[in-house]
Amino acid sequence: MERVRGVGGYFVRSADPDALGAWYRDRLGLDIDDNGMWHPEAGAFVFAAFDADTGYFGSRAQRTMLNFRVRDLDAMLAQLRAAGADVAEETQDVAGVGRFGWVTDPDGNRVELWQSG
């Protein structure tokens with residue numbers, strides 16, 4: 001059986017793609033080139049299906065949620081708050097998995113940040 005080798009991209013619609021791309025670059029440090037190409041550090045990638053009625057993604061209208069690995073969750077959340085980003089107050093610790101926090105991008109998409117355990 002032929003298998004996929006990895007994730008090749010994540011695509012989102014936006015009323016202002018340039019501004020949204022700049023937000024991800026300036027607020028999360030996503031080092032992307034003019035074509036959107038990014039070379040992330042190696043590490044785990046989770047693909048998980050959730051119940052259709054989950055509240056975990058924030059708005060029920062949001063059908064998917066992007067998750068980024070971070071080195072220091074507290075520092076990232078503080079940096080986002082200082083820049084005026086919409087950061088959730090709560091964080092979550094999952095034994096053996098890591099810590100999670102959330103920010104909402106300017107288009108209203110909830111993004112998860114993961115400091116692995």
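- In this structure, OG1 on Thr104 lies 8.5 Å from CG on Asn109, to the nearest 0.5 angstrom.
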Would you check, one step at a time, whether the test side chain to side chain contact (heavy atoms under 4.5 Å, CB included) holds for Val111 with Tyr24?
CA-CA 10 Å; Val111 175; Tyr24 278 88; 3.3 Å; yes
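- A single hydrophobic cluster is seen to contain both Val103 and Val70, as judged by linkage of ILVMFWY side chains at heavy-atom distances under 4.5 Å, directly or through other members.
- Leu66 and Val46 are members of different hydrophobic clusters when ILVMFWY side chains are connected at heavy-atom separations under 4.5 Å.
- Cluster annotation: Tyr10 and Met65 are assigned to distinct hydrophobic clusters (Ile/Leu/Val/Met/Phe/Trp/Tyr, side-chain heavy-atom contacts under 4.5 Å, transitive).
- Of the possible polar contacts, none joining the Asp51 side chain to the Thr54 backbone as a donor-acceptor pair under 3.5 Å is found.
- Residues Trp23 and Asp107 are not in side-chain contact: their nearest non-hydrogen atoms beyond the backbone lie 4.5 Å or more apart.
- Phe45 has its side chain within reach of Val7: a pair of non-hydrogen atoms, C-beta onward, lies under 4.5 Å apart.
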Evaluate the criterion salt bridge (Lys or Arg N to Asp or Glu O under 4.0 Å) for residue pair Asp74 and Arg99; output intermediate values, then yes/no.
CA-CA 10 Å; Asp74 293 327; Arg99 297 185 59 230; 3.1 Å; yes
Test side chain to side chain contact (heavy atoms under 4.5 Å, CB included) on Leu113 and Leu80 and set out the steps.
CA-CA 11 Å; Leu113 304 170; Leu80 288 164; 3.7 Å; yes
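- The 12-atom threshold is not exceeded at CG of Asp31, counting heavy atoms of other residues, nucleotides or ligands nearer than 6.0 Å.
- Using a 4.5 Å heavy-atom cutoff, the side chains of Glu89 and Arg81 are in contact.
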Could you check Arg71 against Gln115 for side chain to side chain contact (heavy atoms under 4.5 Å, CB included), going step by step and ending with a plain yes or no?
CA-CA 6 Å; Arg71 183 183 57 77; Gln115 179 182 322; over 6 Å; no
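- Between Met76 and Arg27, the shortest heavy-atom distance links the atoms SD-O, 4.0 Å.
- Between Trp102 and Tyr56, the angle of the ring planes goes over 60°, which puts this pair in the perpendicular group of the 30/60° scheme.
- Residues Val12 and Leu20 form a side-chain contact, since some pair of their non-hydrogen atoms from C-beta on lies under 4.5 Å apart.
- Met37 places none of its side-chain heavy atoms less than 4.5 Å from the side chain of Ile32.
- Between Ala44 and Trp114, the closest heavy-atom pair is CB-CH2, 4.0 Å.
- The distance from atom CG of Asp18 to atom CZ of Arg25, rounded to the nearest 0.5 Å, is 9.5 Å.
- Classification of the Trp38-Phe68 ring pair by plane angle, with boundaries at 30° and 60°, yields perpendicular.
- Rounding to the nearest 0.5 Å places CZ of Phe57 at 10.0 Å from CZ of Arg110.
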